[in-house]
Structure formats: C-alpha cells, structure tokens
Amino acid sequence: MTLPPGQRAVDGFPRFGTHLHRPPPPVPADPVIAIEGALTETFALSMTDLAKPPRRELGADFHCVAGWSATGLRWEGTGFEYLYRTRVEPLIEPGASISHVVFEGLDGFRSIVLLEDALADDVLIADRLDGRPLNGDHGAPVRLVSPSQYGFVNIKHLCRIEFRTSEPPVLDRFSPLAAHRRARVWHEERHRFLPGRVVRPLFRMLIGPIRRLSARGSRQSPL
Ligand SMILES: Nc1nc2c(c(=O)[nH]1)N[C@H]1C(S)=C(S)[C@@H](COP(=O)(O)O)O[C@H]1N2
Ligand SMILES: [Mo]
C-alpha cells in the first residue's frame with residue numbers, strides 16, 4: 001500500500017479536528033446546506049435532495065495534514081461536480097466566473113477550495129461511511145470528502161457552500177501554518193509558506209494529544 005509522502009497509516013479512523021474535546025454539533029431536525037455566493041438566487045439543499053440518484057460510492061484513504069492516514073474507507077453520497085453542474089451552474093450571475101468555493105460546518109470550521117479542485121471526480125458530499133449513516137464523530141449529517149486533499153479541506157457537519165468569484169480574505173494568511181491553497185496530498189502541499197517536510201516532525205508530536213482530546217468529546221466513545 002502506498003501512502004502520500006510523509007504519511008503513516010493509523011488503525012481505524014480517529015475523530016480529529018479543531019473541535020478538540022468539544023462534542024459534535026447537534027444535527028438540526030431538518031438539516032440543509034445553504035448554497036450562496038455569486039448566484040442569481042440562493043437555495044437550501046436538503047438531505048432529501050442529496051439522497052436522490054445519481055448516488056456515488058467511493059473507496060479512498062483519508063490523509064490528515066498532521067501525518068496520519070486512515071485507509072480503505074468507503075464513502076457514499078452525491079458527486080460534487082454533479083451538484084455543481086445541475087443545481088449551481090444554471091444560477092451563476094451573468095458574466096460571473098466562479099474561482100473559489102468556501103465550505104463551512106455547523107461548528108464554524110471552514111475551508112477554501114479552488115473550483116477546479118472541488119470539481120475533481122473524487123469529491124463527494126457524503127452522508128454514509130462504510131455502509132452506515134455518518135456519525136457525529138465523522139461529520140453528521142453530511143461532510144465534504146476530497147481524499148486527494150488534506151483532511152482540513154474535508155469539512156464535517158457541512159451547512160454552507162459559497163461560490164465566489166475571488167479568493168476570500170484569509171485570516172491566517174501570514175501565519176507560518178496557513179493552509180495551502182490546494183492542499184494536494186500527493187504534492188505534499190501542507191502549508192502555504194513552509195515546505196511539507198519541514199513541518200512533519202512538529203505535526204507528529206500533535207497527533208497523539210489531539211487524537212486523545214477529540215476522542216474525549218466523541219458521542220460514540222463508550223465512556
Ligand atoms: N467541521 C469541521 N470539519 C473538520 C474539522 C473540524 O474541526 N471541524 N477538522 C478537519 C481536520 S483537520 C481533519 S484531519 C478531518 C478529520 O476528520 P475525522 O474526524 O472524520 O477523522 O476533519 C476536518 N474537517
Ligand atoms: Mo487534520
């Protein structure tokens with residue numbers, strides 16, 4: 001089994017993220033994804049919309065920027081490109097050219113993705129993992145799955161997608177750990193300013209503590 005540069009396989013699929021010990025956000029009674037941006041109208045994408053065919057299945061590994069990889073996951077959901085072509089493209093403001101997509105979760109965590117990367121064939125909005133509905137640990141009710149990009153792109157608890165004609169102002173632009181614009185795992189694009197190799201050791205040290213803290217906030221852990 002080959003992993004992208006600087007990655008090591010872990011057992012299972014840990015809960016991991018900036019939420020640390022906080023429990024997953026409660027799933028709203030009627031969850032929707034707000035579709036916004038340079039569009040002639042905004043709309044709310046419902047879980048019923050996402051359950052409609054065509055459905056996609058995707059077997060993939062998952063790579064966190066900190067250096068762990070979960071292998072052999074099986075996701076099910078809607079292809080992002082299909083959603084874009086059928087529901088979003090017809091609504092783009094005349095003359096506008098979409099360049100960036102912002103994904104946001106119910107906990108406020110966001111990622112910014114180039115449209116061309118979001119339209120890759122392996123990008124899904126997933127509602128099932130390994131044959132079961134997504135649980136709170138891994139992003140209920142739905143999450144973005146883009147396995148060719150680092151975990152931080154793969155927004156859990158997805159509640160908003162914004163289609164933009166320019167890159168939004170990024171708060172962490174001048175931080176040494178600012179996220180890479182493309183975050184492609186096979187190119188080891190971990191950060192905007194530092195080469196991936198340089199940050200590997202620092203990140204390795206963080207995996208254990210973040211993993212343990214995140215598990216403490218898990219709704220699934222049998223405490
Ligand atoms: N909403 C939300 N999505 C998130 C995060 C987060 O903190 N909140 N963390 C990201 C990071 S850094 C990683 S590695 C993956 C972890 O996904 P998992 O908890 O399903 O393993 O989720 C990503 N998506
Ligand atoms: Mo991550």
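Please read these numbers as outputs of a predicted model, since none were measured by experiment. Values reported hereafter were calculated over all heavy atoms of this structure, with side chains retained and with hydrogens, waters and symmetry mates removed.
With rounding to the nearest 0.5 Å, the separation of CZ in R143 from CD1 in I125 is 12.5 Å. Between atom CZ of residue F103 and atom CD1 of residue I161 there is a gap of 5.0 Å, rounded to the nearest 0.5 Å. Separating the CD atom in E93 from the CD1 atom in I98 is a distance of 7.5 Å, to the nearest 0.5 Å. Here the straight-line distance linking atom CG of L39 with atom CZ of R87 works out to 11.5 Å at 0.5 Å rounding. Rounding to the nearest 0.5 Å gives a distance of 14.5 Å between CZ of R211 and CG of L206. Annotation: the span from F203 atom CZ to R200 atom CZ amounts to 12.0 Å, rounded to 0.5 Å.
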- Item | Verdict with reasoning, R204 to R8, per side chain to side chain contact (heavy atoms under 4.5 Å, CB included) | CA-CA 10 Å; R204 283 242 162 82; R8 290 181 191 170; 3.2 Å; yes
- Please walk me through it: do R160 and I155 pass side chain to side chain contact (heavy atoms under 4.5 Å, CB included)? CA-CA 10 Å; R160 194 174 77 88; I155 296 296; over 6 Å; no
- Query: Taking it one step at a time, do S99 and L115 satisfy side chain to side chain contact (heavy atoms under 4.5 Å, CB included)?
  - Reply: CA-CA 5 Å; S99 59; L115 179 67; 5.8 Å; no
- Item | Criterion side chain to side chain contact (heavy atoms under 4.5 Å, CB included) on F16 and F152, from CA distance to verdict | CA-CA 10 Å; F16 207 86; F152 62 77; over 6 Å; no
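Salt-bridge check for E57 with R55: failed, with every basic side-chain N at 4.0 Å or more from each acidic carboxylate O.
Considering only heavy atoms from C-beta on, P168 comes within 4.5 Å of V102 through its side chain. With contacts defined as side-chain heavy-atom distances shorter than 4.5 Å, the pair L119/R85 qualifies. In this structure, the side chains of H180 and H187 stay at 4.5 Å or more apart for every pair of heavy atoms. Using a 4.5 Å heavy-atom threshold, the side chains of L83 and L45 count as touching.
In this structure, H138 has its ring center no closer than 6.0 Å to that of F62.
A donor-acceptor pair under 3.5 Å is absent between the side-chain atoms of T42 and the main chain of E36, judged by distance alone. Side-chain atoms of R190 come within 3.5 Å of backbone atoms of V65 as a donor-acceptor pair (strictly under, hydrogens ignored). The main-chain N or O of Q149 is never found under 3.5 Å from a side-chain atom of R184 such that the two would form a donor-acceptor pair. Of the possible donor and acceptor atoms, none in the side chain of H21 sits under 3.5 Å from a partner among the backbone N and O of S214. Checking side-chain atoms of Q7 against main-chain N and O of C64 turns up a donor-acceptor pair under 3.5 Å. Side-chain atoms of T40 come within 3.5 Å of backbone atoms of L91 as a donor-acceptor pair (strictly under, hydrogens ignored). Checked by atom type and distance alone, the side chain of H191 pairs as donor or acceptor with a backbone atom of A178 at under 3.5 Å.
V32 and V142 fall into different hydrophobic clusters, where Ile, Leu, Val, Met, Phe, Trp and Tyr residues are linked whenever their side-chain heavy atoms come under 4.5 Å apart, directly or through other members. No chain of hydrophobic side-chain contacts below 4.5 Å, direct or via other Ile, Leu, Val, Met, Phe, Trp or Tyr residues, connects L114 to I92. Criterion: ILVMFWY side-chain heavy atoms under 4.5 Å apart, direct or through other members. Under it, L3 and L73 are not part of a common hydrophobic cluster. F13 is connected to V185 through a chain of hydrophobic side-chain contacts under 4.5 Å among Ile, Leu, Val, Met, Phe, Trp and Tyr, so both are in one cluster. One hydrophobic cluster, built from ILVMFWY side chains closer than 4.5 Å, cannot hold both Y82 and I35; they sit in different ones.
Considering all non-hydrogen atoms of both residues, L158 and I33 come closest at O-CG1, 3.7 Å. For the pair P147 and D61, the tightest heavy-atom approach, listed with the atom from each and the gap, is CB-O, 3.5 Å. Between P141 and P31 the shortest heavy-atom distance is CG-CB, 3.8 Å. Across all their heavy atoms, D127 and G77 have their closest contact at OD1-CA, 4.0 Å. Scanning both residues, E188 and G196, for their nearest heavy atoms gives OE2-C, 3.5 Å. Here the closest non-hydrogen pair linking S69 and H63 is OG-ND1, 2.7 Å.
Between F163 and F80, the two ring planes are parallel [angle under 30°; tilted spans 30° to 60°].
The environment of R197 atom CZ is sparse: at most 12 non-hydrogen atoms of other residues, nucleotides or ligands sit within 6.0 angstrom.
Under the side chain to side chain contact (heavy atoms under 4.5 Å, CB included) test applied with V123, the options V101, L144, V145, D117 reduce to a single match, L144.
With hydrogens and angles left out, the side-chain atoms of D137 and S218 include a donor and acceptor closer than 3.5 Å.
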